[in-house]
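Before any comments, here is the structure.
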Amino acid sequence: MSVSRNAAGGDSTAETFLFRGALVEGSAPADVVVSHGVIDEMGTGLSRAGATVIDVDGLVLLPGLVDLHTHLREPGYEASETILTGSRAAAAGGYSAVFAMPNTSPVADTAGVVEQELALGEAAGFVTLQPIGAVTVGQKGERLAELGAMADSRARVRVFSDDGFCVWDPLIMRRALEYVKAFDGVIAQHAQDPRLTEGAQMNEGAVSAELGLAGWPAVAEESIIARDVLLAEHVGSRLHVCHLSTAGSVDIIRWAKKRGVNVTAEVTPHHLLLTDELVRDYDARFKVNPPLRREEDVLAVREGLADGTIDIVATDHAPHPTEAKACEWHAAANGMVGLESALRVVQSAMVDTGLITWGDVARVMSREPAHIGRLAGHGTPLTEGQPASLAFYDPAPMRPFTTDDLRGRSLNSPYLGRDLPGDVRWTLHQGTVTVAEGGLLDTPGVRA
């Protein structure tokens, strides 16, 4: 169907939409009226005078997705991504909010930088952008950054991470955990012992031995997680484990939760689907930190997500320019883009395999990420009066993932040429349409 340009000068929150026949979190069908940025009415057989009527029969309705781990590269690395291009990629993937990692230039370790990021996100308009602040100055691990100032800033930072650098010093980690308790913050740890991974090129195992590449042992991740859950228990603070990737890490988180430690954990889509066997061709699209692991690890993290040990799926969207990947394996940058493909990969690895339901998808890709990040207005129930940040998803198609699916600035996706299910048909950000009939809009709310 064609949808006419709204008469409100591009502000679609002033327009009323009637979405007919959506499967609410994959279950019972319902009509949804969106008006003035909120879900105004839900039910069956609804009508609304003057509303733009959209047939979404058979589409799965999810709360707008929330990504707790996104690299947007701005300021400083705009050749890879910008806040605008990354926000567009997020909307194309069904996201209405993303948390931006602090490995920018300058590093997001002051109130000024996080407020700049917030303003750029607001100007882009495709998603809510929530900055993450660095734990230490310059992510160098030597002294704490301005955690309180970032928390009190207009950006209201509540998640702090040194991202690709582990907070390796246990005293610094303890002090950070103690500091953020005052404002209900959380330390998000990149669990990687730097001494155990010096020169590492891929997962340590049979494949690394055959290829002659320096191995990245699972214990380098597991030992840091074990230390940090004990520190979090001792301090009584919140800890979040980024991109968990090994079976042993799942066991440690499971043990810690049974013990009552206030810890949460995330897994990436690529660690749910891909294994270290893909490294055999030395294709640098598959080089990532933490590395792709064994099939046994993939099955373990799937089980951990299914049983609630792992709380959320986060993309670790990491764009790089072509030259950073089109080179020898040892010289290539770590990282993969993932915002546009995440929901399709989760369907393939978790829903189509019967491990979780669409209601679970709403929990691990929207509600829990928003809750961990203390992000108000996102991950809210699909009920009347709640903000209309929504994704309408068609799980039926099966087609190759191509560069046409990528809406950011970089093309380093590990899924290019791979058949993936599903298609995001509509995305709304607080009532504003960002994706319409599968097409990303040039400007939010303005449709041809």
Side-chain angles (χ1 to χ4, degrees), residues 66-70 99 101-103 109 130-136 139 141 144-145 147-148 150-151 157-194 218-268 271 289-290 301 304-305 307-314 316 363-364 367-375:
V66 178
D67 189 23
L68 198 66
H69 194 144
T70 303
F99 285 73
M101 280 293 182
N103 61 332
D109 57 6
Q130 176 58 52
I132 292 177
V135 177
T136 64
Q139 297 177 293
L144 292 182
L147 309 184
M150 288 187 280
V157 177
R158 290 297 180 270
V159 182
F160 299 88
S161 178
D162 271 359
D163 187 39
F165 300 95
C166 179
V167 182
W168 184 75
D169 187 324
L171 182 58
I172 295 289
M173 187 62 178
R174 174 182 174 169
R175 287 174 175 168
L177 288 165
E178 289 173 332
Y179 198 107
V180 300
K181 282 181 65 178
F183 44 80
D184 192 28
V186 63
I187 302 299
Q189 176 70 295
H190 173 97
Q192 176 193 349
D193 187 308
V219 71
E221 174 176 304
E222 295 156 5
S223 60
I224 295 295
I225 296 174
R227 181 203 73 177
D228 286 352
V229 296
L230 292 175
L231 284 174
E233 179 182 45
H234 179 71
V235 172
S237 188
R238 291 202 296 139
L239 169 71
H240 180 73
V241 178
C242 296
H243 43 47
L244 178 153
S245 68
T246 76
S249 295
V250 177
D251 290 339
I252 295 167
I253 296 296
R254 187 176 287 121
W255 172 85
K257 288 190 170 185
K258 288 180 179 177
R259 191 176 172 92
V261 180
N262 195 355
V263 59
T264 54
E266 71 189 35
V267 64
T268 69
H271 286 114
N289 180 356
V301 296
L305 183 63
D307 69 19
T309 301
I310 300 173
D311 300 85
I312 66 170
V313 174
D316 194 9
R363 172 174 52 84
V364 301
R367 294 198 180 96
E368 281 304 306
H371 176 70
I372 293 168
R374 301 300 193 253
L375 185 61

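What you see is a predicted model; the values in this text were computed from it and never measured.
Residues meeting the salt bridge (charged side-chain N to carboxylate O under 4.0 Å, His left out) test with Asp228, sequence neighbours left out: none. Gln139 pairs by the side-chain hydrogen bond (donor to acceptor under 3.5 Å, both in side chains) definition with nothing, not counting sequence neighbours. Residues forming a side-chain hydrogen bond (donor to acceptor under 3.5 Å, both in side chains) with Arg174 (at least two apart in sequence, or on another chain): Glu178. In this structure, Glu266 has no salt bridge (charged side-chain N to carboxylate O under 4.0 Å, His left out) partners at least two apart in sequence or on a different chain. Residues forming a side chain to side chain contact (heavy atoms under 4.5 Å, CB included) with Arg259 (at least two apart in sequence, or on another chain): Glu233, Trp255, Val261. Residues satisfying the ring-ring contact (aromatic ring centres under 6.0 Å, His included) criterion with His240, sequence neighbours excluded, are absent altogether. In this view, Asp311 and Lys257 satisfy the side-chain hydrogen bond (donor to acceptor under 3.5 Å, both in side chains) rule, not counting sequence neighbours. Every residue two or more places apart in sequence or in another chain that forms a side chain to side chain contact (heavy atoms under 4.5 Å, CB included) with Asp169 is listed here: Leu171, Ile172. Remark: Asp251 pairs with Arg254 by the salt bridge (charged side-chain N to carboxylate O under 4.0 Å, His left out) rule, at least two apart or across chains. With sequence neighbours excluded, the residues that form a side chain to side chain contact (heavy atoms under 4.5 Å, CB included) with Glu221 are Ala191, Ile225, Leu244, Ser245, Thr246, Ser249, Pro290, Arg293. When the side-chain hydrogen bond (donor to acceptor under 3.5 Å, both in side chains) test is applied to Asn103, the partners found at least two apart in sequence or on another chain are His71, Asp163. Taking His190 as the reference, His243 meet the ring-ring contact (aromatic ring centres under 6.0 Å, His included) condition, with sequence neighbours excluded.
Counting non-hydrogen atoms of other residues, nucleotides and ligands closer than 6.0 Å to CZ of Arg227 gives a total above 12.
In this structure, the side chain of Asp162 does not engage the main chain of Ala134 through any donor-acceptor pair within 3.5 Å. Remark: the backbone N or O of Ala151 is paired with a side-chain donor or acceptor of Arg158 at under 3.5 angstrom.
Taking both residues in full, the closest heavy atoms of Leu239 and Gln189 are given as CD1-CB, 4.2 Å, listed atom of the first, atom of the second, then distance.
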